[in-house]
Colleague: 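Take a look at the following structure, please.
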Amino acid sequence: MSARTIRARSVCIAAMICAAALPCAAVRDVHGRRDLGRCSAPALAALRGGFRLGKRREEPPPPPKPAGFLQRAVVEPLKAAMQHGSSPHTLTASIALGGACGVFPVPLTTWAVTLLANALLPMLNPLAMQLANSLVTPLMVPLFPVFLATAARLKGPMAAEFRFADIKSQFAAEGFVGALKRLQEPLGRAVVGWAVLLPVIFGVLYVLTLKPSHMLSAKYGQPAAAL
């Protein structure tokens with residue numbers, strides 16, 4: 001043990017003895033003796049060896065570093081978007097509605113329809129809606145005849161029969177604008193059929209994704225009010 005350490009401990013012991021003796025000096029019984037039972041608690045603790053020697057004072061933790069640009073611009077907004085609408089029923093509704101928008105029968109517009117639906121229902125999870133939209137979009141092709149058949153029940157048969165095999169030849173023969181004019185009627189009817197079947201598609205997807213959504217919400221989500 002170095003001389004400096006011995007000197008520091010001696011100073012501490014002397015200071016504690018003085019602190020313990022002063023509060024008890026004026027407290028004496030009828031016989032003139034000091035009454036330790038009436039001393040203050042710190043004084044008794046010092047006299048009985050309650051203070052520990054050599055214990056260093058704990059330093060406060062350093063302040064957190066400010067978040068960087070990538071953390072503020074990308075990570076925090078993404079985390080907030082993931083946590084938004086993460087209750088089980090809200091997450092299930094987000095996936096079901098995003099999937100229903102993913103089969104909207106006009107190519108290259110499903111993402112815009114999903115954004116519009118999220119704008120009308122801002123309590124839903126936007127990331128879950130866009131992810132479900134991307135996964136379900138390939139089902140638009142097999143569902144297109146179903147949409148046309150549903151619209152035919154309401155508006156009657158089309159003037160000309162529509163077949164997917166003729167689309168490529170129409171674009172090659174009539175050009176982009178001419179082919180779009182030819183597809184205007186079937187696309188319009190398919191949108192009508194999609195709108196009629198939208199509650200059915202939403203309900204089927206809701207039932208199919210209810211249990212997985214509960215598992216995802218319990219693992220990654222935060223408690224929130226249900227939809």
Colleague: For residues 199-212, which residue pairs qualify under side-chain hydrogen bond (donor to acceptor under 3.5 Å, both in side chains), counting only residues two or more places apart or in two chains?
Modeller: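 Listed by first then second residue: His89-Tyr206.
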Colleague: Same hydrophobic cluster for Val204 and Ile95, using side-chain heavy-atom links shorter than 4.5 Å among ILVMFWY?
Modeller: no
Colleague: Kindly give the cluster partners of Leu108, where membership spreads through any ILVMFWY side chain lying under 4.5 Å from a current member.
Modeller: none
Colleague: Quick one, Cys101 and Thr110 - any side-chain contact, counting heavy atoms below 4.5 Å?
Modeller: no
Colleague: Taking side-chain contact (heavy atoms from CB on, under 4.5 Å) as the test, write out the residues that go with Ser134, two or more places apart.
Modeller: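 If we apply the side-chain contact (heavy atoms from CB on, under 4.5 Å) test to Ser134, skipping adjacent residues, there are no hits.
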Colleague: Tell me the closest heavy-atom pair linking Ala93 and Leu124, and the distance in Å.
Modeller: CB-CD2, 4.0 Å
Colleague: Which residues pass the side-chain hydrogen bond (donor to acceptor under 3.5 Å, both in side chains) test with Thr137, sequence neighbours left out?
Modeller: Asn133
Colleague: Please say yes or no: joined through hydrophobic side-chain contacts below 4.5 Å, possibly via intermediate residues, are Leu148 and Val103 part of one cluster?
Modeller: no
Colleague: Determine, using the 4.5 Å side-chain heavy-atom cutoff (strictly less than), whether Leu97 and Phe104 are members of one ILVMFWY cluster.
Modeller: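 No, it is not one cluster - the side chains of Leu97 and Phe104 are not joined through contacts under 4.5 Å.
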Colleague: Could you tabulate the donor-acceptor pairs under 3.5 Å formed by side-chain atoms of residues 188-198, not counting sequence neighbours?
Modeller:
from	atom 1	to	atom 2	distance (Å)
Arg189	NE	Glu185	OE2	3.4
Arg189	NH1	Gly156	O	2.6
Arg189	NH2	Gly156	O	3.2
Arg189	NH2	Pro157	O	3.4
Trp194	NE1	Ala100	O	3.0

Colleague: Between Val136 and Val141, is there a shared hydrophobic cluster once you connect ILVMFWY residues whose side-chain heavy atoms come closer than 4.5 Å?
Modeller: no
Colleague: Please determine whether residues Val113 and Val146 belong to a single hydrophobic cluster, defined as Ile, Leu, Val, Met, Phe, Trp and Tyr linked transitively by side-chain heavy-atom distances below 4.5 Å.
Modeller: yes
Colleague: Could you check if a side-chain atom of Leu115 sits within less than 4.5 angstrom of a side-chain atom of Gln130, using non-hydrogen atoms only?
Modeller: yes
Colleague: I need the full list of side-chain hydrogen bond (donor to acceptor under 3.5 Å, both in side chains) pairs touching residues 143-153, with sequence neighbours left out, sorted by first then second residue.
Modeller: none
Colleague: Hey, what do you get for CG (Leu121) to OG1 (Thr90), rounding to the nearest 0.5 Å?
Modeller: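 Rounded to the nearest 0.5 Å, the CG-OG1 separation comes to 10.5 Å.
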Colleague: Measuring from Asn125:CG to Ser87:OG, what's the distance to the nearest 0.5 Å?
Modeller: 9.5 Å
Colleague: Residues two or more places apart in sequence or in another chain: which of them pass side-chain contact (heavy atoms from CB on, under 4.5 Å) with Leu187?
Modeller: Pro107, Phe144, Leu183
